[in-house]
Structures are given as C-alpha cells and as structure tokens.
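See below for the structure under consideration.
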Amino acid sequence: MKILCVVGARPNFVKIAPIVAELKARGVEQVLLHTGQHYDDEMSQVFFDDLGIPRPDVDLGVGSAPHAVQTGEVMIHFDEHLLSIRPDAVVVVGDVNSTLACALAAVKRRVPVVHVEAGLRCGDRYMPEEINRVLTDHISELLFTPSSDADDNLRREGIDPGRIFRVGNIMIDSLLAHRERALKSDVLERLSLLSEDYAVVTLHRPENVDGRDRLLHFCAVLTEVAERLPVVFPIHPRTRSEAQRHGLLERLENTPGLVVTSPLGYLDFMALALHSKIVLTDSGGLQEETTVYGIPCLTLRPSTERPITVTEGTNTIVGDDRAKILAECERILAGNGKRGRTPELWDGRTAPRIVDVLTKRFG
Ligand code: UD1
C-alpha cells in the first residue's frame, strides 16, 4: 500500500509525526506532502526538526491568503500531485484549511480519505475549523476519533459506525515521545522564569484577535493577570500583525510582568507549559496537552470541541469574561486549580492503532 500524508499548518505537524514514524517502522511506502499553509521557520521548520519529521517529498508552497483562495490553491496544486503519486489513501489530520482542501480534492479523484482527529464539534458554525471538521468527516472513508463524544457526534450525523475507529489522541503520542527531551530545554532560563511561578498565554483565533476592540479587551485582561504573576505570551504571527496594525504591540511589550516572545518550537513550548502554573489559551490542542500535563487550563473561547478536557481533564471554559478569568486565576494561585485525569486511550499508542487499521483496509 502507498499512503499520502498531508500537513499544512502548525498543529498538523504534531499529529502527523507519529503516523509517519509508524508507517516507516513498518516499511509502508509513503509520501509526505506539505501544503505550505504555514511557511515561517518558527511556524513550520522548527517542528520538523523538533519532532524528527523527514523533509516533505512535496511542498506546495501555497502560503497565506483569504480562505477561499487558500483552500482553492491547495486543491488545485494538490490535485496535480495526486494524479502522479496515485496513493491508495490520503491521510489528513486536524481541522485546518489544508485538511479540508486535500480531503476534497482526493475524494473527487475517488482516492479514499482517512481523517485523524475526526468527530470533534464545538457547535459554532462561525468557526472556520468547525466547517473544516464537519465537511472533512463527511467525505472520509475512515474516521479515527480521540474520544467517545466524537464517536457520538459522528453517529448523530448519520455516519456509518463501521467507518469510525476510536484510536485515542494522536497528539499524545508526540507528547509522550518527546517529553524527556523537552524537559532538557533551557527556555525558562532564557526567559528568566521560575518553575510554577508564571502563566502561559496563547491567543490567535480570528474571533479573539481580529479588530482593535477585541485585542484591547484581552490586553486589559492580560495586564491584570500579569499583576498577579508573570505571564509569557509567545505571539502568533496573526496576532502580532493585528496588534501592530492597531498600535497595540508596543503596549503589550511594555506591560509590566508580561513577556512577549516569538512563537516557540515544540520542545521549548512543551517545557514552558509543563513548568507553568496556569495556561490561558484559545488553542484546541493545548486544551488536551494541559490535561495530560495536569496543568490547569483556562480556555478563552465560549465553547470547546474537546469537552472531555472539561469533564475529565483540567480545562475550564472562561470565554472572554474578565471577572471569570481573574477569579479562576485566583483559585489556581490559591492551590485549588482543577485536577483531572488522562482520558482513555491517550496513551501514546494511537499511531500503531491507526496503522493497524490502514494495513487491514489498504494493505
Ligand atoms: C491556522 C488554522 C487554525 C490553527 C492555526 C495554528 C485555518 C482556518 N486555521 O490559523 O485552525 O489553530 O493555524 O497556528 O486553517 N502567518 C505568518 N506566517 C506563517 C503562517 C501564517 O506570518 O507561517 C500569518 C499571515 O499573516 C496569515 C495569518 O498568519 O495571513 C493567518 O494564517 P492562516 O494560515 O490563514 O491561519 P492561522 O490564523 O495561522
């Protein structure tokens, strides 16, 4: 069998790494294709280096553009390669524009699509990722899910249960494989931080960072949090350019207690999160990683597509509610942060389970 694996944006790299490694270990023929949705070294290359992902065989170099253009460009260029590579299946991961674009191009060529991290739903159709999730799932031949809520969502939407395989959380394979190396990172010294004495913030969702009012709101909240403990903010390029555009970058950089850094690599960021007291984020993956680290996570969104991180893990949904965010921070600082447990099958063995199914189906 010949498997074509697709990556495009930062969260994809963490999910594809263990699958590529497992396919290689079993001697399966594979092609790795990067759409180029993320292209800065700090958004892309550093993850290949940290995670030991081989150089992509194909790089479409698509880059940034409005959604329709980005999705369309990926489809057009991916389609050309699909014809020459002729894979037995295309593996897509997560919920970014590249995920949907390649899935759609593949299914139109009657190449089976395999979706890893299927079935997640937050119910908010204004989020681009929610559209990408729903559509990718509905055109996929095999759907690999991380949790039983995802299975339920897919069944409720009428997807044949015979195509759904609960294999666990693929990101945790990477996390467990690289944790020891991450702990050797010197990121705390570089940023002059003390273990368990700071908060980490990530913020990049368009609904949180696009527009002056939204950014101003979060600047004010982060300023207040930074009065209680140091706050490290590795700033996403989208957030940086919005802050710059609205004249807020300098204000952020000059806020006492707030440390604004460039985006960090996988190992440095894992070390930073592992040693932190609180994580505040609008990322999806970080909600899951903090659950496994046992670090309290405050999710700066009104909902989550990963409810198991709330019911079983350390995640609390706080949205943009200033009072709630500050109250939760106080609770954590007082030693009453949420303690959770690691969900079933988030055990670092998800990639072998996926490749077992692929081998049975396409081998
Ligand atoms: C994308 C994903 C999002 C994911 C995020 C992780 C979609 C719809 N969104 O959002 O789900 O959580 O990646 O980072 O696919 N930029 C750079 N350098 C880069 C990449 C982007 O400067 O290497 C800047 C550009 O100004 C670009 C903007 O970031 O316009 C947004 O990039 P884009 O890929 O469209 O979406 P993200 O916000 O990164």
Side-chain angles (χ1 to χ4, degrees), residues 6-16 34-51 56 59-75 78 92-104 115-118 120-122 124-136 171 174 200-211 214-215 218 233-246 249 261-266 269 273 279-289 297 299-301 303-306:
V6 171
V7 287
R10 186 168 64 176
N12 289 168
F13 307 133
V14 186
K15 295 166 194 168
I16 213 69
H34 190 342
T35 66
Q37 178 175 342
H38 284 177
Y39 44 87
D40 286 343
D41 281 356
E42 57 193 14
M43 297 297 285
S44 179
Q45 187 57 46
V46 66
F47 287 82
F48 280 75
D49 297 342
D50 280 0
L51 290 155
D59 192 339
L60 302 182
V62 163
S64 302
H67 284 248
V69 177
Q70 188 176 59
T71 308
E73 289 279 330
V74 173
M75 284 186 70
F78 182 71
V92 295
V93 296
D95 56 14
V96 302
N97 285 346
S98 300
T99 308
L100 173 61
C102 295
L104 195 48
H115 188 204
V116 177
E117 201 187 78
L120 300 187
R121 300 286 184 269
C122 68
D124 178 357
R125 290 276 171 118
Y126 285 106
M127 269 189 86
E129 292 80 5
E130 183 78 349
I131 303 298
N132 294 342
R133 291 178 201 121
V134 171
L135 296 180
T136 303
M171 281 207 341
S174 283
V200 178
V201 179
T202 79
L203 203 62
H204 74 280
R205 298 275 161 213
E207 57 276 22
N208 280 343
V209 304
D210 286 6
R214 297 298 290 158
L215 266 180
F218 281 107
F233 186 10
I235 195 164
H236 187 284
R238 172 186 209 106
T239 313
R240 175 179 286 276
S241 64
E242 276 293 301
Q244 229 153 10
R245 197 153 74 88
H246 298 296
L249 189 59
T261 74
S262 308
L264 296 173
Y266 183 67
F269 190 82
V279 171
L280 299 105
T281 188
D282 62 5
S283 145
L286 199 42
Q287 297 171 46
E288 302 179 329
E289 288 166 337
C297 175
T299 292
L300 306 169
R301 286 175 41 197
S303 61
T304 181
E305 61 289 337
R306 293 159 160 94

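Remember, predicted model here, so these are calculated numbers, not experimental data. As the structure lists them, so they are numbered: ligands from 1, and atoms in each ligand from 1.
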Residue, atom name and distance, where the atom is the protein heavy atom closest to atom 17 (C) of ligand 1: Tyr39 OH, 3.3 Å
Separation of Met75 CE from Cys102 SG (nearest 0.5 Å): 9.0 Å
Residue pair Arg214 / Val209, side-chain heavy-atom distance below 4.5 Å: no
Heteroatom distance test (His38, ligand 1): nitrogen or oxygen, under 3.5 angstrom: yes
For Glu129, the ligand 1 atoms whose distance to one of its heavy atoms is below 4.0 Å: 2 (C), 3 (C), 9 (N), 11 (O)
Under-4.0 Å protein heavy-atom contact, atom 26 (O) of ligand 1: no
Asn132 to Val96 - nearest heavy-atom pair and separation: ND2-C, 3.3 Å
Of Gln244, Arg238, Arg240, His246, the residue whose pairing with Glu242 passes side chain to side chain donor-acceptor pair (under 3.5 Å): His246
Least distance between heavy atoms, Gly61 atom then Asp59 atom: N-OD1, 3.0 Å
Non-hydrogen atoms of Val93 and Asn12 that approach each other most closely: O-ND2, 3.4 Å
Option of least heavy-atom distance to atom 18 (N) of ligand 1 (set: Asp40, Asp95, Leu100): Asp40
Location of contacts on Arg238 toward ligand 1, heavy atoms closer than 4.0 Å: both
Enumerated ligand 1 atoms positioned under 4.0 Å from heavy atoms of His236: 14 (O), 37 (P), 38 (O), 39 (O)
Any N/O pair Ser241/ligand 1 closer than 3.5 Å: no
For Thr261 against Pro234, the heavy-atom pair lying closest together: OG1-CA, 3.2 Å
Residue and atom name of the nearest protein heavy atom (relative to atom 21 (C) of ligand 1), distance in Å to one decimal: Ser64 OG, 3.7 Å
Side-chain (Glu288) to main-chain (Gly284) donor-acceptor, under 3.5 angstrom: no
Region of Ser98 that comes within reach of ligand 1 [heavy atoms, distance under 4.0 Å]: neither
Numbering as shown, the atoms of ligand 1 that approach Asn97 to under 4.0 Å (heavy-atom distance): 7 (C), 8 (C), 15 (O)
Nearest neighbour in protein (non-hydrogen) for atom 2 (C) of ligand 1: Val96 CG1, 3.7 Å
Qualifying residues under side-chain hydrogen bond (donor to acceptor under 3.5 Å, both in side chains), relative to Thr281, sequence neighbours excluded: Thr202
Atom indices of ligand 1 within 4.0 angstrom of His204 heavy atoms, with elements: 4 (C), 5 (C), 6 (C), 12 (O)
Residue and atom name of the nearest protein heavy atom (relative to atom 6 (C) of ligand 1), distance in Å to one decimal: Pro11 CD, 3.5 Å
4.0 Å heavy-atom contact, Arg205 with ligand 1: yes
Atoms of ligand 1 close to Pro237 [distance to a heavy atom under 4.0 angstrom, numbered from 1]: 16 (N), 17 (C), 18 (N), 22 (O), 24 (C)
Min heavy-atom dist His67 to ligand 1 below 4.0 Å: yes
Least distance between heavy atoms, His34 atom then Ser44 atom: NE2-OG, 3.0 Å
Residues Glu207 and Arg301 bridged, charged N to O under 4.0 Å: no
